[in-house]
A.B. asks: 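Please find one structure pasted underneath; my questions will follow.
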Amino acid sequence: PLSPHTPLFRSYDPASQPVTKAADGFAALPGVLYVEPERRIRSTSYFNDPMAPEQWSLYNDGSLGPAYSAGCDLNILPVWSNFTTGSSNVIVAVIDEGVQLDHPDLAAACIPGGPQGSKSFVHGEGGYSFPGGDHGTHVAGVIGAVNDNGVGISGIAGGSNGKGGVRILSCAIFMEDPADPEKTIQGDSYNAMVWAADHGAVIANNSWGYVYDSEADAEKGSVG
């Protein structure tokens with residue numbers, strides 16, 4: 001006979017049951033043909049940017065093929081996971097060709113042209129309105145293309161919520177000559193750097209160099 005203190009049913013807490021055990025229990029019931037636990041969905045890339053899987057330079061596990069040696073990369077995933085994906089408190093100056101400020105994958109990160117923002121230092125083409133160049137836009141994208149916005153690539157410091165990470169300050173110092181694509185109009189790199197520092201940039205990207213007519217000419221222009 002049952003005692004007054006004997007529970008008729010054991011207490012059951014679904015959250016305490018292993019998923020596999022719960023699935024096996026349901027599968028054993030009459031009429032149940034198949035049970036599949038609800039599983040968490042994980043993207044194949046860290047962010048949902050469609051071209052991110054091709055960015056072997058950021059993280060390369062060798063899966064793209066034999067031409068891509070695993071480990072030849074920036075090893076960015078541990079940084080994203082354990083430290084930061086980029087902060088809007090940081091301004092990065094791109095001293096280069098102008099950046100396409102309205103680019104779909106960069107617009108949220110770029111500081112518009114203006115007295116407190118992006119500016120051209122190209123001789124005869126100064127001011128706050130300037131064309132975006134391929135190289136300048138490419139550089140800005142590697143640095144801060146907006147992450148997890150479903151567009152283009154992932155930026156090294158492009159944030160994690162589709163709104164952007166670091167902010168890009170474009171300081172244009174050269175541009176393609178509209179009258180002759182084979183020529184480049186030069187600019188004032190010194191004042192571009194001063195502008196960048198005076199307008200909040202704590203990092204400046206300068207992926208360009210000077211052209212010299214000879215080795216002796218280059219030695220004269222070298223910085224010791």
Side-chain angles (χ1 to χ4, degrees), residues 49 51 55 57 84-213 217-218 220-223:
D49 308 298
M51 298 179 69
Q55 292 181 269
S57 59
T84 182
T85 56
S87 168
S88 60
N89 293 326
V90 176
I91 295 176
V92 179
V94 175
I95 303 175
D96 202 284
E97 287 182 310
V99 176
Q100 183 185 337
L101 302 178
D102 62 352
H103 189 285
D105 209 12
L106 280 169
C110 288
I111 300 174
Q116 300 302 319
S118 296
K119 184 179 180 182
S120 171
F121 295 85
V122 177
H123 298 318
E125 302 288 341
Y128 307 123
S129 179
F130 48 85
D134 290 343
H135 188 262
T137 303
H138 166 78
V139 168
V142 172
I143 297 168
V146 179
N147 293 338
D148 225 30
N149 64 346
V151 177
I153 64 172
S154 296
I156 291 173
S160 61
N161 58 6
K163 296 180 181 179
V166 297
R167 289 180 290 158
I168 301 295
L169 179 71
S170 179
C171 298
I173 60 167
F174 59 92
M175 62 176 283
E176 182 182 284
D177 188 341
D180 186 352
E182 297 299 318
K183 294 182 179 179
T184 300
I185 302 176
Q186 304 296 303
D188 185 349
S189 57
Y190 171 83
N191 278 309
M193 293 180 187
V194 172
W195 178 272
D198 287 348
H199 289 79
V202 294
I203 300 171
N205 183 88
N206 303 274
S207 53
W208 42 269
Y210 296 107
V211 176
Y212 296 98
D213 295 327
D217 192 24
K220 293 177 183 178
S222 65
V223 178

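What you see below is based on every heavy atom in this structure, not just the backbone, and it leaves out hydrogens, waters and symmetry mates.
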A.B. asks: Verify, without hydrogens or angle tests, whether Arg167 (side chain) and Ile91 (backbone) share a donor-acceptor contact under 3.5 angstrom.
C.D. replies: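 No; zero donor-acceptor contacts below 3.5 Å.
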A.B. asks: From Asp188 CG over to Ser120 OG, what is the distance, rounded to the nearest 0.5 angstrom?
C.D. replies: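 With rounding to 0.5 Å, CG (Asp188) is 10.5 Å from OG (Ser120).
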A.B. asks: Do you know the tightest heavy-atom contact between Ile173 and Ala192?
C.D. replies: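 So the minimum-distance heavy-atom pair works out to CG2-CB, 3.5 Å.
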A.B. asks: Output yes when a side-chain donor or acceptor of His199 lies under 3.5 Å from a complementary backbone atom of Trp195, and no otherwise.
C.D. replies: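 Yes.
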A.B. asks: State the NZ-CD distance between Lys183 and Glu176, to the nearest 0.5 angstrom.
C.D. replies: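 Atom-to-atom, Lys183:NZ and Glu176:CD are 12.5 Å apart.
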A.B. asks: Can you give me the closest heavy-atom contact between Asn206 and Met193, atom names plus distance?
C.D. replies: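 Closest pair (atom of Asn206, atom of Met193, distance): OD1-CE, 3.7 Å.
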A.B. asks: Taking Asp49 for the side chain and Asp148 for the main chain, is one N or O donor matched with an acceptor at less than 3.5 Å?
C.D. replies: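 Checked: pair present.
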A.B. asks: With rounding to the nearest 0.5 Å, note down the distance linking OG in Ser170 to NZ in Lys119.
C.D. replies: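 Answer rounded to 0.5 Å: 12.5 Å.
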A.B. asks: Can you measure from CD (Gln186) to CG (Asp177) and round to the nearest 0.5 angstrom?
C.D. replies: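 Those atoms lie 10.5 Å apart.
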A.B. asks: Is a donor on one side and an acceptor on the other found under 3.5 Å between the side chain of Thr137 and the backbone of Gln100?
C.D. replies: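 Yes, the answer is positive, given that a donor and an acceptor are paired below the 3.5 Å cut-off.
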A.B. asks: Which atoms form the tightest heavy-atom contact between Leu169 and Ala196, and what is the distance?
C.D. replies: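 So the two residues come closest at CD2-CA, 3.8 Å.
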A.B. asks: Measure the shortest side-chain to side-chain distance between Phe130 and Met175 over non-hydrogen atoms and say whether it is less than 4.5 angstrom.
C.D. replies: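 Phe130 vs Met175: side chains apart.
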A.B. asks: Look at the side chain of Asp105 and the backbone N and O of Ile153, then say whether any donor-acceptor pair between them is shorter than 3.5 Å.
C.D. replies: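 Side chain of Asp105 to backbone of Ile153: a pair is present.
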A.B. asks: Please check: side-chain N/O of Asn147 versus main-chain N/O of Gly155, any donor-acceptor pairing under 3.5 Å?
C.D. replies: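 Between the backbone of Gly155 and the side chain of Asn147 there is a qualifying donor-acceptor contact (under 3.5 Å).
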A.B. asks: CG of Asp180: more than 12 outside heavy atoms within 6.0 angstrom?
C.D. replies: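 Enclosed: over 12 neighbouring heavy atoms sit under 6.0 Å from CG of Asp180.
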A.B. asks: Testing Val194, Asn191, Ile95 one by one against Phe121 for a side-chain contact (heavy atoms from CB on, under 4.5 Å), which residue passes?
C.D. replies: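 When side-chain contact (heavy atoms from CB on, under 4.5 Å) is applied between Phe121 and each of Val194, Asn191, Ile95, only Asn191 qualifies.
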A.B. asks: Between Asp96 and Ser207, which heavy-atom pair has the shortest distance, and what is it?
C.D. replies: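 Scanning both residues completely, I find the closest heavy atoms to be OD2-OG, 3.4 Å.
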A.B. asks: Would you call Ile156 and Val142 a side-chain contact if the rule is heavy atoms closer than 4.5 Å?
C.D. replies: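 With C-beta onward as the side chain, the pair touches.
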A.B. asks: Is there side-chain contact between Val99 and Ser118, with at least one heavy-atom pair below 4.5 Å?
C.D. replies: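 Result no, sub-4.5 Å side-chain heavy-atom pair not found.
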A.B. asks: Hey, could you give me the OG/CG distance between Ser160 and Asn149, rounded to the nearest 0.5 Å?
C.D. replies: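 Spacing of OG (Ser160) from CG (Asn149) equals 11.5 Å.
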A.B. asks: Considering only heavy atoms from C-beta outward, does the side chain of Pro115 approach that of Tyr128 to under 4.5 Å?
C.D. replies: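 With C-beta onward as the side chain, the pair touches.
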A.B. asks: Report yes if some heavy atom in the side chain of Ile168 is under 4.5 Å from a heavy atom in the side chain of Cys110; otherwise report no.
C.D. replies: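 They are in contact (side-chain heavy atoms under 4.5 Å apart), so the answer is yes.
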A.B. asks: Could you check if a side-chain atom of Val146 sits within less than 4.5 angstrom of a side-chain atom of Val151, using non-hydrogen atoms only?
C.D. replies: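 Result no, sub-4.5 Å side-chain heavy-atom pair not found.
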A.B. asks: Quick one: does Glu97's side chain have a donor or acceptor within less than 3.5 Å of a partner on His135's backbone?
C.D. replies: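 Pair found, side chain donor or acceptor close to backbone of His135.
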